[in-house]
Undergrad: 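Next up is a structure, given as structure tokens.
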There are 2 protein chains.
Amino acid sequence: MRKTVSVSLDEFDRKILDAVQDDNLSPLRLIADKVGLSVPAVARRLQRLRETGVIEKDISVVDQDLVGRPLTLIVEVTSESERLELLDAMRERFRACPQIQQCYYVTGQVDFMLVFNVRDMEEYTALTRQIFFEGGNVESFRTFVVMDRVKTGMRTVVG
Amino acid sequence: MRKTVSVSLDEFDRKILDAVQDDNLSPLRLIADKVGLSVPAVARRLQRLRETGVIEKDISVVDQDLVGRPLTLIVEVTSESERLELLDAMRERFRACPQIQQCYYVTGQVDFMLVFNVRDMEEYTALTRQIFFEGGNVESFRTFVVMDRVKTGMRTVVG
DNA sequence: CGTGAAAAATGTTTCGG
DNA sequence: CCGAAACATTTTTCACG
């Protein structure tokens with residue numbers, strides 16, 4: 001059983017997705033104006049986009065600086081063993097760590113790419129011990145300190 | 001004039017932020033129940049959190065697979081020159097590219113970390129030519145293909 | 001800050017085309 | 001599938017404790 005790999009979206013759907021990826025609290029009336037449909041039409045389409053999972057979720061994004069987590073780090077992790085259970089255990093460890101905002105399993109010379117979001121270096125080094133050294137199966141890791149978050153977010157091009 | 005580096009959040013604010021980072025379309029009544037406040041209190045706090053910028057924006061997240069952009073790549077870019085204008089030009093190029101979902105300027109052996117989101121390898125290689133080769137000031141880049149998006153999103157720990 | 005209720009805005013459903 | 005109108009829900013505002 002496989003996930004549906006595509007859904008049919010027309011130009012209206014794309015415009016709606018474009019709008020709500022910027023602001024999903026905007027009144028339907030405004031979206032309706034922008035895309036050239038009536039409010040009920042937009043409502044129906046949004047409902048369908050949510051039911052089918054095209055719109056995965058609706059969330060607030062908080063400013064990490066203003067809540068005291070100004071530091072972002074990107075970390076490449078290379079594992080010792082590629083054994084499935086061990087890799088899965090790592091995945092789970094990373095997923096469970098709240099300060100790890102993003103985790104990708106990748107091909108190539110490294111195995112995982114992580115994005116950390118922490119209060120300061122002290123918190124990071126402490127986490128490092130916990131999930132890299134004590135966690136197990138980590139051969140090495142390389143840390144990049146983010147100096148400028150040039151572009152962030154989860155926006156997807158729907159064009 | 002500098003940006004305020006912190007705001008005072010009490011336990012209620014944190015719980016509210018935690019809730020809306022999961023679902024910002026949830027009726028205030030439900031959030032109120034969850035955090036133990038009245039609806040008007042939650043409304044007031046949310047309004048303030050938005051005014052002060054703690055809540056940066058409110059958005060829908062779309063499923064990249066379902067809209068035909070299943071491929072994610074992470075790319076390390078090393079620049080030729082560190083001259084400010086040239087780095088700024090690169091920033092702008094990356095920011096302007098819709099398929100570049102995220103761009104970080106980092107310390108260390110590489111200068112930029114990029115997250116691409118594209119339809120297929122063909123689209124990626126084409127982009128590569130455009131913004132790396134023709135764009136200028138790129139000494140080298142290293143591509144990691146994402147096999148599993150273990151954890152994604154922009155969630156920030158407010159605890 | 002809580003309550004309660006009224007007012008305004010928004011979202012949803014119905015139904016004819 | 002669209003849109004207009006009726007309908008339902010949610011959000012906002014306010015007085016008062």
Side-chain angles (χ1 to χ4, degrees), chain A residues 3-63 66-68 153-159, chain B residues 4 6-63 65-68 153-156 158-159:
Chain A
K3 192 176 185 179
T4 307
V5 297
S6 83
V7 290
S8 48
L9 303 175
D10 61 17
E11 205 48 48
F12 289 126
D13 289 323
R14 280 190 271 272
K15 282 185 185 173
I16 291 171
L17 288 176
D18 203 59
V20 294
Q21 280 192 99
D22 257 357
D23 179 6
N24 74 337
L25 296 188
S26 162
L28 299 187
R29 174 176 42 86
L30 297 182
I31 301 176
D33 288 351
K34 203 177 312 193
V35 308
L37 281 176
S38 68
V39 169
V42 173
R44 275 192 295 264
R45 282 163 182 270
L46 272 173
Q47 194 175 324
R48 221 171 55 164
L49 290 168
R50 294 200 167 98
E51 281 168 3
T52 56
V54 171
I55 294 180
E56 217 173 79
K57 53 183 176 176
D58 291 89
I59 61 167
S60 296
V61 178
V62 330
D63 183 319
L66 291 183
V67 297
M154 277 294 135
R155 183 180 196 94
T156 295
V157 182
V158 293
Chain B
T4 307
S6 83
V7 290
S8 49
L9 303 176
D10 62 16
E11 205 46 49
F12 289 125
D13 288 323
R14 280 189 271 273
K15 282 185 184 173
I16 291 171
L17 288 176
D18 204 59
V20 294
Q21 280 192 99
D22 257 358
D23 178 7
N24 74 338
L25 296 187
S26 161
L28 299 185
R29 175 174 42 86
L30 297 183
I31 300 177
D33 288 351
K34 203 177 311 194
V35 308
L37 282 176
S38 68
V39 168
V42 173
R44 276 192 296 266
R45 282 164 182 268
L46 273 174
Q47 191 177 334
R48 211 167 63 94
L49 290 168
R50 294 201 167 100
E51 280 168 3
T52 57
V54 172
I55 294 180
E56 216 174 79
K57 53 183 177 174
D58 292 89
I59 61 166
S60 296
V61 178
V62 331
D63 184 319
D65 296 319
L66 291 184
V67 297
M154 277 295 135
R155 184 181 195 93
T156 295
V158 293

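Numbers restart at 1 for each chain; the letters A, B, ... are given by sequence-line order, proteins then strands.
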Undergrad: What is the distance from CZ of Arg44(B) to P of dG2(C), rounded to the nearest Å?
TA: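 Result: 7 Å.
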Undergrad: So how far is it from Lys57(B) NZ to Asp63(A) CG, rounded to the nearest 0.5 Å?
TA: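 Atom-to-atom, Lys57(B):NZ and Asp63(A):CG are 11.0 Å apart.
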Undergrad: Rounding to an integer number of Å, can you tell me how far Arg45(B) CZ sits from dT11(D) P?
TA: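 To the nearest whole Å, that distance equals 17 Å.
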Undergrad: Expressed in angstrom and rounded to an integer, what is the separation of Glu51(B) atom CD from dT12(D) atom C1'?
TA: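 Taking atom C1' of dT12(D) as the reference, CD of Glu51(B) is at 13 Å.
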Undergrad: Atom NZ of Lys34(B) and atom NZ of Lys15(B): how far apart are they, to the nearest 0.5 Å?
TA: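 Here the rounded value is 11.5 Å.
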Undergrad: With a cut-off of 3.5 Å and sequence neighbours excluded, list every side-chain donor-acceptor pair involving residues 17-24 of chain B.
TA:
unit_1	atom_1	unit_2	atom_2	d
Asp18(B)	OD1	Arg155(B)	NH2	2.7
Gln21(B)	OE1	Thr156(B)	N	2.9
Gln21(B)	NE2	Thr156(B)	O	3.0
Asp22(B)	OD1	Arg155(B)	NH1	3.1
Asp23(B)	OD1	Leu25(B)	N	2.9
Asp23(B)	OD1	Ser26(B)	N	3.4
Asn24(B)	OD1	Asn24(A)	ND2	3.0
Asn24(B)	OD1	Ile59(A)	N	3.3
Asn24(B)	ND2	Asn24(A)	OD1	3.0
Asn24(B)	ND2	Ile59(A)	O	3.3
Asn24(B)	ND2	Asp58(B)	OD2	2.9

Undergrad: Quick one: Arg48(B) CZ to dT12(D) P, roughly how many Å, whole number?
TA: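 Whole-Å distance recorded here is 16 Å.
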Undergrad: Quick one: pull up OG1 in Thr52(B) and CD in Gln47(B) and give me the separation to the nearest 0.5 Å.
TA: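 The distance works out to 11.0 Å.
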Undergrad: For the pair Glu51(A) and Arg48(A), find out whether any cationic side-chain nitrogen is under 4.0 Å from an anionic carboxylate oxygen.
TA: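 Answer for the salt bridge query: no.
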Undergrad: Distance check, rounded to the nearest 0.5 Å: Arg29(A) atom CZ versus Asp33(A) atom CG?
TA: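 Going from the CZ atom of Arg29(A) to the CG atom of Asp33(A) covers 7.5 Å.
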Undergrad: Dump every N/O contact between nucleotides 9-12 of chain C and the protein below 3.5 Å, one line per pair.
TA:
unit_1	atom_1	unit_2	atom_2	d
dT10(C)	OP2	Arg29(A)	NH2	3.1
dG11(C)	OP2	Leu28(A)	N	2.8

